[in-house]
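Note sheet for the following structure.
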Protein chains: 2
Amino acid sequence: MTYADFMNAPKRRDRAATRSALLDAARRRFAEHGFDGTGVREIAADAGVDPTLIFRYFGSKQDLFAEASKAEVPEGIGEPGTGPVGLADALVREVVLGTRPASGGEHPLMLMLRSAGRPEVRARLHEEVCDGYLADLARRFEGEDAALRAELVGALLLGMGVMRDLVDSPVLPGADPDRVRALVADMVAALERA
Amino acid sequence: MTYADFMNAPKRRDRAATRSALLDAARRRFAEHGFDGTGVREIAADAGVDPTLIFRYFGSKQDLFAEASKAEVPEGIGEPGTGPVGLADALVREVVLGTRPASGGEHPLMLMLRSAGRPEVRARLHEEVCDGYLADLARRFEGEDAALRAELVGALLLGMGVMRDLVDSPVLPGADPDRVRALVADMVAALERA
DNA sequence: AGCATAAGTCATCACTTGTTGACATAAGCG
DNA sequence: CGCTTATGTCAACAAGTGATGACTTATGCT
């Protein structure tokens, strides 16, 4: 079989493989250019398949986005025993410093932030952040305004992600991870004392 | 003149007025739906003028966005004498707690965040945040990693804006502004000691 | 009043978008 | 093999996009 034969040879038909190729390509494209900046034809081209398969396998571009931006939620990150400092540290490692090759190197939350112009995306963002992360954080604070203090910790973490992925500030990627964690711990600890 | 006459009467032609009507409508639309979610026809309809005037007065939709999201930079906010805590407090009041009727109630930075899918927008975001706010903050920190600590303060502030405008968390708007400022001050102060 | 120019209007283009349905072909089983 | 079904291909549509250029009409000056 010549090289030309190899190139022109029809690809093997494999539902699962094409589906996940599509999903991977979508994650990368959506993460980099956002929902509106990404066309179905581009996603399909990246995946090396026909654009119409998106609709066969996912229903619509929106449904594809929904599945691509679904977080495989770690569920119960940071031991329940630890205080807010411990949880914040775990989240820093996961959301901010963590690198995830699947989604083009970004956490699903950050992926959604690039498409925050769309109401449905903001709705999902609200749900995951408020009902998930913030509620978990608030539980570790004691006293009057636990919710407010949890909000500030959440803001700090989210803001770090925004700095890295949207503002593209070189500081965080260039910093010593342990130093970053230590400083964040100090800030959260200050909140615990307040 | 009857009511019908009044309604059908041609509007007065006033370049400055239509231009600023267009600009206001654009700010509101862009702030709420982002760049891609907003059409020139919608902006024009809100302003009550013809869509093509956008191109006559601004050149293109992008140029309109650029002008609509331009921050009337306060330049030298927070006395140069004050430390990071003072500057952070001033920024909290301006960016996070401040309400600006012109842009649909949001700071230009937040307006840009809803269009963060677009590279040019991220470029402007990068410029304004890094060269403006972060540089200013870093100057008030002493010691080794002033840039990193400035980054964390910036992240906290930006994150608060994201929480309010993108995640739509009810906590910050519902909280006592003075309490919020006090907690933020504590967090920044912790950074100063570190 | 009459005229020059600025301001606003209209029809329309060129293009992209998500999406659909009819068609072709490979895979797998009897 | 021969048939069925799952998988992939193709052409095209309907709607919406930003943008342009020719046209009309109000405005303000002389």
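Chain identifiers are assigned alphabetically (A, B, ...) following the order of the sequence lines, protein sequences preceding nucleic acid strands; residue numbering begins at 1 within each chain.
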Separation of atom [atom1] in [X] from atom [atom2] in [N], rounded to whole Å:
| X | N | atom1 | atom2 | answer |
| --- | --- | --- | --- | --- |
| B:R118 | D:dG18 | CZ | C1' | 11 Å |
| A:R41 | D:dA11 | CZ | P | 13 Å |
| B:D50 | D:dA26 | CG | P | 15 Å |
| B:F58 | D:dG18 | CZ | P | 15 Å |
| B:F55 | C:dT12 | CZ | C1' | 14 Å |
| B:L53 | D:dT20 | CG | P | 14 Å |
| B:Y57 | C:dA7 | OH | C1' | 5 Å |
| A:D14 | D:dG8 | CG | C1' | 12 Å |

Check: If you check every side-chain atom of A:V40, which of C:dG18, C:dG8, D:dT9 has the closest atom?
Finding: C:dG18
Checklist line | Closest to the A:K61 side chain, choosing from D:dT7, C:dG8, C:dG18 | finding: C:dG18
Next item on the list: Would you please confirm or rule out a distance under 4.0 Å between OP1 or OP2 of D:dC10 and any side-chain N or O of A:T52?
Entry: no
Next item on the list: Determine: side-chain N/O of A:R12 to OP1/OP2 of C:dA27, distance under 4.0 Å, yes or no.
Entry: yes
Note to self: Determine whether a donor-acceptor pair (one donor, one acceptor, N or O, separation below 3.5 Å) exists between the side chain of B:R13 and the base of D:dT25.
What the structure shows: yes
With no hydrogens and no angle check, is any side-chain donor or acceptor of [X] less than 3.5 Å from a backbone partner on [Y]?
| X | Y | result |
| --- | --- | --- |
| A:H33 | A:T38 | no |
| B:E128 | B:L125 | no |
| A:R164 | A:P170 | no |

Check: If you measure from CG on A:D145 to CG on B:D176, what distance do you get to the nearest 0.5 Å?
Finding: 9.5 Å
Note to self: On DNA chain D, compare the nucleotides closest to A:T18 and B:D36; which residue's is nearer the 5' end?
What the structure shows: A:T18
Margin query: Around atom CD of A:E32, are there more than 12 heavy atoms from other residues, nucleotides or ligands closer than 6.0 Å?
Written below: no
